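Sequence lines set the chain letters: A, B, ... in the order given, protein chains first and strands last, and positions in each chain run from 1. Bear in mind that the values here come from a model prediction, so they are computed numbers and not experimental data.
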Number of protein chains: 2
Amino acid sequence: MNDTEWLRLDRQICFSLHAASRAFNGVYRVILKDLGLTYPQYLVMLVLWEQGDLPVKKLGEQLRLDSGTLSPLVKRLEGAGLVRRERSAEDERSVLVQLTEDGAALRERALEVPRRIMSATGFDLAEIVDLRARLDQLTSALDAAAEAEARAAR
Amino acid sequence: MNDTEWLRLDRQICFSLHAASRAFNGVYRVILKDLGLTYPQYLVMLVLWEQGDLPVKKLGEQLRLDSGTLSPLVKRLEGAGLVRRERSAEDERSVLVQLTEDGAALRERALEVPRRIMSATGFDLAEIVDLRARLDQLTSALDAAAEAEARAAR
DNA sequence: CACAACTAAGTTGTGCACAACTAAATGGCT
DNA sequence: AGCCATTTAGTTGTGCACAACTTAGTTGTG
């Protein structure tokens, strides 16, 4: 394979990934519109529904998002009345994000989302699980490589 | 599978995809830093290197991006001296994006990017090509579904 | 105890994605 | 020719991602 072909392949792969990510986002956008949530906000709500109230720090660890992204996002959820934020008494640095009644109730309406997404992909459960495994593998390889690249750059 | 398990699975899949997309972005960010390009800017440059000067419209079709995203992005590329923008003489609505000498020359330095990305993924060529096929399949299913959902919402 | 190192959250600034809108040019139709 | 629908860019506003920085609280060490 020559240089030109490599660049072409890179363009195709970049594009495929970028497009897939945006397409997923687009489907969630349409489906989540009913719930008044964006895709990242839905991710936060999913974690809270599953694990209960959490400090911003823990949320960030679960979702690999930093406070620069989470702080304003959680504030918007608070503005929508879905969560409350409360300074922890033991450690005043920490802010506990708590579901409100509305936030907890929204879970009922969210229960149909996964099925709608599944059917939107046209994949069956096994394919989804396989894809997920592959993506996770990719992510850990990429995270490690980014770390190595960053180290090399120093 | 009960509701709770569906929500958990959805969380896992959402997260995997979201994380993979961001991890890819992160690796490109580090590697492209040397070239002074962001990931979406690199995508635009790849198309221009491959296909020569193009109107904004054609760029948008290739990358599935609208003018709201492309206009400021191309302006930044122009600011960096990599492209020129020029109103078409035949059709004054159209703006032709042209590579400058610097823009064309940058291609030489970009030639190493695909190999570095490949090695960052830890995947071999066959796996990459397979993943790409799967992602494309997913994207077209999702695009069709989003369209159907949007239609249903009307 | 005092002070340095660290930690959690938030702020600021840049860039991208996308919806909704505007402005200008074009092309078709009567 | 005159008018209207369409097309192409661009603008505006919202939200997310992330780097760099700030602020305030906590912890460890001399």
Validation: residues 29-45 of chain A side-chain donor-acceptor distances under 3.5 Å, sequence neighbours left out:
| from | atom 1 | to | atom 2 | distance (Å) |
| --- | --- | --- | --- | --- |
| A/Thr38 | OG1 | A/Gln41 | N | 3.3 |
| A/Tyr39 | OH | B/Cys14 | O | 3.2 |
| A/Gln41 | OE1 | A/Thr38 | N | 3.1 |
| A/Tyr42 | OH | B/Asp10 | OD2 | 2.4 |

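- Side-chain nitrogen and oxygen atoms of A/Ser94 include none within less than 4.0 Å of the OP1 or OP2 phosphate oxygen of C/dT7.
- Side-chain nitrogen and oxygen atoms of A/Arg64 include none within less than 4.0 Å of the OP1 or OP2 phosphate oxygen of D/dA17.
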Revision key, fill the gap. Letter by letter from the 5' end, nucleotides 20-26 of chain D scores (B base, S sugar-phosphate only, - none; protein heavy atoms under 4.0 Å) -----BS
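- Applying a 4.0 Å cut-off to non-hydrogen atoms, the residues of residues 15-23 of chain B that approach DNA chain D are B/His18, B/Arg22, listed by residue number.
- Contact annotation: the side chain of A/Leu142 approaches that of B/Thr121 to within less than 4.5 Å [non-hydrogen atoms, C-beta and beyond].
- A/Val56 and A/Leu96 fall into different hydrophobic clusters, where Ile, Leu, Val, Met, Phe, Trp and Tyr side chains are chained together by heavy-atom contacts under 4.5 Å.
- Within 4.0 Å of A/Thr69, counting heavy atoms only, lies at least one base atom of the nucleic acid.
- Here the P atom of nucleotide D/dG15 and the CG atom of A/Leu65 are 17 Å apart, to the nearest Å.
- Rounding to the nearest 0.5 Å gives a distance of 11.0 Å between CG of B/Asp130 and CG of B/Leu125.
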Produce the list of close N/O pairs, under 3.5 Å, pairing protein atoms with atoms of nucleotides 2-4 of chain D; give distances to one decimal.
none

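- Closest to the B/Val95 side chain, of the nucleotides D/dG15, D/dA9, C/dG10, is D/dA9.
- Counting only heavy atoms from C-beta outward, the side chains of B/Lys58 and B/Gln51 never approach each other to under 4.5 Å.
- In this structure, A/Gln41 and B/Leu96 both approach DNA chain D, and ranking their closest nucleotides by distance from the 5' end singles out B/Leu96.
- A/Lys75 is linked by a side chain to side chain contact (heavy atoms under 4.5 Å, CB included) to A/Arg85, counting only residues two or more places apart in sequence or in another chain.
- In this structure, B/Leu37 places its CG atom 15 Å from C1' of C/dT14, rounding to the nearest Å.
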Point to revise | DNA chain D base-pair string [pairs: Watson-Crick or G-U under 3.5 Å; |: paired with another strand] | key: ||||||||||||||||||||||||||||||
